[in-house]
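Chain A is the first sequence line, chain B the second, and so forth, proteins listed ahead of strands; every chain is numbered from 1.
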Amino acid sequence: MAEWLYGVTLGGDAPAVPGVDDHPVRVVREGELSALVSSVPLSRFDADVLRRELEDLDRVEALARAHDRVVEAAPDVLPARLCTLYESPEAVAGMLRAEHEGLRSALERLAGKVELGVKAYARPEEQRARASSGADYLARKGAKREASASLDATLEAIHARLSEAAEGSVVNHPRDSLFNGAYLVADQERFAALVASLADEHGVDLQLTGPWAPYHFVA
Amino acid sequence: MAIDPRRRTSLAGSPEPESLADVLERVLDKGIVIAGDIQINLLEIELLTIHLRLLIASVDKAQEIGINWWQSDPRLNGESAQREQVERGENARLEERVKELERRLEERDG
């Protein structure tokens, strides 16, 4: 067997949700720290097996969602990355001892805060208006450049306002949106209201994700 | 008014699951950096799985609303020499996986 690590809390209990492959979640305690873990069979979780299985999107999704489900069920947790595995509960306790200072100070810094994701999309009616412009090729290119620069300025302004209202902020690669930011907040309602008002003020569609455990802010 | 941090619905208004890309971005790449006993290189898997999934599921929709971020991604826009090098090595493998994913999507939707 091996121990799959979900995250670390300050003296917390195991949340009552199933873990990866429905294995039960329990804690390994060492001093004031609790590691949330599941015992998993090496037949499915040793390095060679995992590398092979992680080529399968369905397997990646199942593990990722189960891992995050446990993380999100535990208040004030420092989340571990997917596939952080230990040889035994004793090895987990050893890690907690070795990393005690860093883990405790991070947990104290993040207590009572959550991460909110904000993604920006263009409003559909604006996209349609841009697309239906009958200008010639050069004019369209020019207009696109201008629109793009103005959009960048808008997104920067939004991020600046959100960062002011948060206790930490990170900008991610946008992937499937125009903008992707993560914010560390203590007051979710206030932050959500600010997001809604910025969306109206700037005419962009802002979507909230979360609340998440503070994945982006553990360091 | 204090909100239980675990209540997703308080913000979203409906208990929809988060998108896989949003979950993967966090669990593959963020969180505490502590070396476990079993070492897996997750970054390579993240790049392939996320890009493939998004390409297949959303490229038409994204183009429809003017999103074309992949055009500035050297792995996908065909403009960088680096990408060409990677492409030569990975093309066959990627094509195979795309076909597999398309087959699975068809099975799911059919």
Atom group of A:Leu103 that falls short of 4.5 Å from chain B, counting heavy atoms: side chain
Contact class of A:Glu99 relative to chain B, heavy atoms under 4.5 angstrom: side chain
Side-chain H-bond candidate by donor/acceptor type, A:Glu3 with A:Ser38, under 3.5 Å: no
Any donor-acceptor N/O pair, A:Asp46 side chain to A:Asp48 backbone, under 3.5 Å: yes
Interface residue of largest heavy-atom contact number with chain B, from A:Arg190, A:Met95, A:Glu87, under 4.5 Å: A:Glu87
Geometric class of the A:Trp212/A:Tyr215 ring pair [parallel <30°, tilted 30-60°, perpendicular >60°]: perpendicular
Electrostatic pair A:Arg104:A:Glu101 at N-O distance under 4.0 angstrom: yes
Aromatic ring pairing A:Tyr183/A:Phe191, orientation class (parallel under 30°, perpendicular over 60°, tilted between): tilted
Closest-packed option against chain B by number of heavy-atom pairs under 4.5 Å, given A:Val92, A:Val8, A:Asn180: A:Asn180
Heavy-atom proximity to chain B below 4.5 Å, by part of A:Phe217: neither
Option that, when pairs with chain B are counted at under 4.5 Å, heavy atom only, ranks first among A:Arg65, A:His67, A:Lys119: A:Arg65
